[in-house]
**Q** 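Pasting a structure below so you can have a look.
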There are 2 protein chains.
Amino acid sequence: MGRKRLQESADGRPTVHTVAARAGVSIASASRVLNGVGGSPETIRKVRAAAAEVGYVPNAIARSLQSQRTGLVALAVEDIGNPVYVAMMRAIEAVVASSGRQLVVHATGGRIDNEMTLLRRLANRYVDGMIISPIRVTDDHLGALAGSPVPVVVIGQLGADAPVDNVRTDSRRGVALAVDHLLATGRRRIGFVNGPLDTVPGAARDAGFRAALARHGIHLDEDLVEVGDFQYAAGRAAALRLLARASPDALVCANDLIAVGALHALLAAGRRVPEDVALVGMDDTELAQMMFPQLSSVSLGSAERGRRAAELLLQRIADPTLPPRREQVPPSLAVRASSGTTLPAARPSADPLDGPTAPTPTHPSSEGVTA
Amino acid sequence: MGRKRLQESADGRPTVHTVAARAGVSIASASRVLNGVGGSPETIRKVRAAAAEVGYVPNAIARSLQSQRTGLVALAVEDIGNPVYVAMMRAIEAVVASSGRQLVVHATGGRIDNEMTLLRRLANRYVDGMIISPIRVTDDHLGALAGSPVPVVVIGQLGADAPVDNVRTDSRRGVALAVDHLLATGRRRIGFVNGPLDTVPGAARDAGFRAALARHGIHLDEDLVEVGDFQYAAGRAAALRLLARASPDALVCANDLIAVGALHALLAAGRRVPEDVALVGMDDTELAQMMFPQLSSVSLGSAERGRRAAELLLQRIADPTLPPRREQVPPSLAVRASSGTTLPAARPSADPLDGPTAPTPTHPSSEGVTA
DNA sequence: TTGTAGGCGTTATCAC
DNA sequence: GTGATAACGCCTACAA
């Protein structure tokens, strides 16, 4: 049953009751003053004084129970070590914080069961909403997303008719940008180091690569294609395998982590970049510009996608009856030193090798593995 | 006053009342069964069935109000883009998750006011505890830390008598390891690229550098010392400034981000690494091994510090009366290609310069900017 | 303006 | 084992 109502909380800290008693008013009055609604000048003075004296701080949990909102927003991504997600996270954080909320970050490791667990946990209302960027999507996913009791926004490709707020890019076109650029600068044997084909981005990029070559009437030598996962080590290993059996004059990598791994493999193998092999990554993360030579990379607008996803989420939290929306962020290519040379005859004149040329990305930051 | 108690929550979702009514038992019985304590076989069956039928999921907030704990733990670091914090975060996450809790990550930007705000917000009980890794410490800080209403563990150097759980390393000794190594391999003009001197790690590393040289009786040419902040761009710029006015044969950098920036500057300036200039970073993050050449780096045990901090925090949450504890994680040096050559006459015989020599770090992963 | 009295959804205590 | 019922700390109709 519990003791009769005391004036302080279980752990001895002041509550509205403490303040009210000290100020000699009812808890209702105290609460009103504390929330800045109503109260006579005298009451306000007394309550404020009392609150200050006892060091009153409202209990967020009790407030949440009453208001039915926690002020927390969740973000679920595969790998917080991937700079592309750091960029996304920062953009989301900025929007979320401006609404007075906080971000809870989850790393799923790309595992569907982890994501399903998170989705299920949403039902207990520990957050007001969630942004999730799955790299694999199943029917279970779609079911859980559509039936979620709290607002969810998905960053990444989703079935065309999924009734879920969704922000995507077109990574197929992104790969095409890279291929077109390399062909335009004289490369002919373009290799591709991809992530797993059973992931949404992996499949899309594979399709994009093949379509781009086909569009140019170029036959694809399968020896020039390698698959690993979206990590540095896998990219390095995959590039080594590829180099062992083929002689590419350019490499497109499915994300920057892979590209950095490939760069390491190339340099360790004594290949010059870009003279011998040009290199283009994807996501245009901070990492790309840290390398030497700096990496050309396809921006998939990860920061922008994060920003928009956060905005969609906040809107839906404010009005859950909104119809599902879908937004698309176009890819763009940042050309840097790793591919900044035209093969046959280099023309360094009007085309400084350092710094982006082509459609300069709006943000100097990073981009996504998604889509 | 509000409507009489209904059977479902405000937003139409099932509550214990819904389940109880459906099962034809009291909410007390329903709650008991739901929590797996007590209940006759028949009652258990009915309640479980009812819960399943209506899709009951307990409300985390209500539960928190009752239990006085949120199941959330906060981590406040300067910059989530720094791989050292990613490593720390992962280690902390693992421990925290194993206790059934979740991690809320805050980026403070190293700004004291942000940290103070977080510390103050702790009073409203939105998390059960917090791990903070401040790079600047003020008296206000210490006051807030000591007087915190919820458990706090600090990663990083703190005044010797601060009554706060604390996990630290010895970055002074860490710098000494780097300097000793470089001197042992024949380097004589060792430069130092540091972070801000008004930060705890910045000050400690500066002192460590000077002390190490002094110990070897070497006069420090101030032209060989540069300061920026703990970021890539600053490191690159600082290294460029340093190169413009001095000719180091080795560079020690206060963290890996700076070291990567310095590497870029060196290579862009046409210096060979390690032949012309050896390079050693600090924190031993993933980044160090991604570079070409791979970077030697002083491990400050960031993952280990994170793990220990999390354990201390969980212990204190379980028993707030524990006396303040202090733990120390020793630094170690991982020697890699960027410093793996003895200058005057290479002697690969009994002292293999490639691959980690010194105390090999247990984890292949990353480490900290702190201390 | 002010105070009274629920109620947010849960758990726990206490009698039966 | 079970069922009322009182909290957890806060907010807010409603009545005064």
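Bear in mind the structure is a predicted one, so any value in this text is a computation, not a measurement. We name chains A, B, ... by the order of the sequence lines, and we start the count at 1 in each one.
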**Q** Taking the side chain as everything from C-beta on, heavy atoms only, tell me whether A/Gln315 gets closer than 4.5 Å to A/Pro151.
**A**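 No, their side chains stay 4.5 Å or more apart.
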**Q** For the pair B/Asp165 and B/Arg308, find out whether any cationic side-chain nitrogen is under 4.0 Å from an anionic carboxylate oxygen.
**A**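 Salt bridge between B/Asp165 and B/Arg308, a charged N being under 4.0 Å from a carboxylate O: no.
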**Q** Taking the basic N atoms (NZ, or NE/NH1/NH2) and the acidic carboxylate oxygens, is any pair closer than 4.0 Å for B/Arg90 and B/Glu93?
**A**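 No, this pair does not count.
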**Q** Answer yes or no: side-chain N or O of A/Gln66 and base N or O of D/dG9 forming a donor-acceptor pair under 3.5 Å.
**A**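 It does not, because no donor-acceptor pair links the side chain of A/Gln66 to the base of D/dG9 below 3.5 Å.
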**Q** Does a side-chain N or O from A/Ser26 land closer than 4.0 Å to OP1 or OP2 of C/dT2, or not?
**A**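 No, outside the criterion.
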**Q** Can you tell me the distance, in whole Å, between the CZ atom of B/Arg69 and the P atom of C/dT10?
**A**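 Those two atoms, CZ and P, are 18 Å apart.
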**Q** Please determine whether a side-chain nitrogen or oxygen atom of B/Ser40 lies at a distance below 4.0 Å from atom OP1 or OP2 of D/dT2.
**A**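 The answer is yes; a side-chain N or O of B/Ser40 sits under 4.0 Å from OP1 or OP2.
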**Q** Among C/dG3, D/dG9, C/dT11, which nucleotide sits nearest the side chain of A/Ala28?
**A**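 That would be C/dG3.
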**Q** What is the distance from CZ of A/Arg45 to P of C/dT2, rounded to the nearest Å?
**A**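 To the nearest whole Å, that distance equals 12 Å.
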**Q** When the distance from NE2 of A/His17 to C1' of C/dG3 is rounded to whole Å, what number comes out?
**A**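 After rounding, the reported distance stands at 12 Å.
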**Q** Is A/Ser9 close enough to D/dG9 that one of its side-chain N or O atoms is under 4.0 Å from OP1 or OP2 there?
**A**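 For A/Ser9, the contact criterion (side-chain N or O under 4.0 Å from OP1 or OP2 of D/dG9) is met.
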**Q** State whether the distance check finds a donor on one side and an acceptor on the other, under 3.5 Å, for side chain A/Arg13 versus base D/dG9.
**A**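 It does not, because no donor-acceptor pair links the side chain of A/Arg13 to the base of D/dG9 below 3.5 Å.
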**Q** Ignoring the backbone of A/Arg63, work out which of D/dC11, D/dG9, D/dT12 is nearest its side chain.
**A**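 My answer, after comparing the listed nucleotides, is D/dC11.
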**Q** Between D/dC10, D/dG3, C/dG9, spot the one nearest the side chain of B/Thr15, thanks.
**A**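 Nucleotide nearest to B/Thr15's side chain: C/dG9.
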**Q** Can you check the B/Lys46 NZ to D/dG3 C1' distance for me, whole Å?
**A**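 After rounding, the reported distance stands at 13 Å.
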**Q** Check the pair B/Ser99, B/Arg101 against side-chain hydrogen bond (donor to acceptor under 3.5 Å, both in side chains), reporting the backbone distance first and the verdict last.
**A** CA-CA 6 Å; B/Ser99 81; B/Arg101 273 171 258 251; 3.1 Å; yes
**Q** Ignoring hydrogens and angles, are the base of C/dG9 and the side chain of A/Arg125 linked by a donor-acceptor pair under 3.5 Å?
**A**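 For A/Arg125, whose side chain was compared with the base of C/dG9, there is no donor-acceptor pair (under 3.5 Å).
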**Q** Return the value, rounded to whole Å, for the distance between atom CD of A/Glu8 and atom P of D/dG9.
**A**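 My rounded result for the distance is 10 Å.
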**Q** Could you tell me how far apart B/Gln68 (CD) and D/dC10 (C1') are, to the nearest whole angstrom?
**A**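 The distance from CD of B/Gln68 to C1' of D/dC10 comes to 13 Å, rounded to the nearest Å.
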**Q** Closer than 3.5 angstrom, by distance alone: can the side chain of B/Asp128 be matched with the main-chain N or O of B/Thr70 as a donor-acceptor pair?
**A**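 Yes, because the side chain of B/Asp128 sits within donor-acceptor range (under 3.5 Å) of the backbone of B/Thr70.
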**Q** Strictly below 4.0 Å: does A/Tyr56 bring a side-chain N or O up to OP1 or OP2 of D/dC10?
**A**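 A/Tyr56 to D/dC10 OP1/OP2: side-chain N or O found under 4.0 Å.
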**Q** What is the nucleic acid contact for B/Thr43, judged by heavy atoms within less than 4.0 Å: base, sugar-phosphate only, or nothing?
**A**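 Contact class for B/Thr43: sugar-phosphate only.
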**Q** Between A/Ile61 (CD1) and D/dG9 (P), how many Å, whole number?
**A**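 Checked: the CD1 to P distance equals 9 Å.
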**Q** From the list C/dG9, D/dC11, D/dG9, which nucleotide is the closest neighbour of the side chain of A/Asn35?
**A**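 From the listed options, D/dC11 comes nearest.
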**Q** State which of C/dT4, D/dT5, D/dT2 makes the closest approach to the side chain of B/Ile27.
**A**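 Given the options C/dT4, D/dT5, D/dT2, the side chain of B/Ile27 is closest to D/dT5.
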**Q** Give one of base, sugar-phosphate or nothing for B/Ser31, where a contact means two heavy atoms less than 4.0 Å apart.
**A**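 Contact class for B/Ser31: base.
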**Q** To the nearest Å, how far apart are A/Leu34 CG and C/dT1 P?
**A**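 After rounding, the gap between these two atoms is 17 Å.
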**Q** Which of the following nucleotides, C/dC14, C/dG3, D/dG1, is nearest to the side chain of A/Arg32?
**A**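 Taking heavy atoms from C-beta onward, the closest nucleotide is C/dG3.
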**Q** Are any of the side-chain heavy atoms of B/Leu313 and B/Ile317 separated by less than 4.5 Å?
**A**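 Counting from C-beta outward, B/Leu313 and B/Ile317 do come under 4.5 Å.
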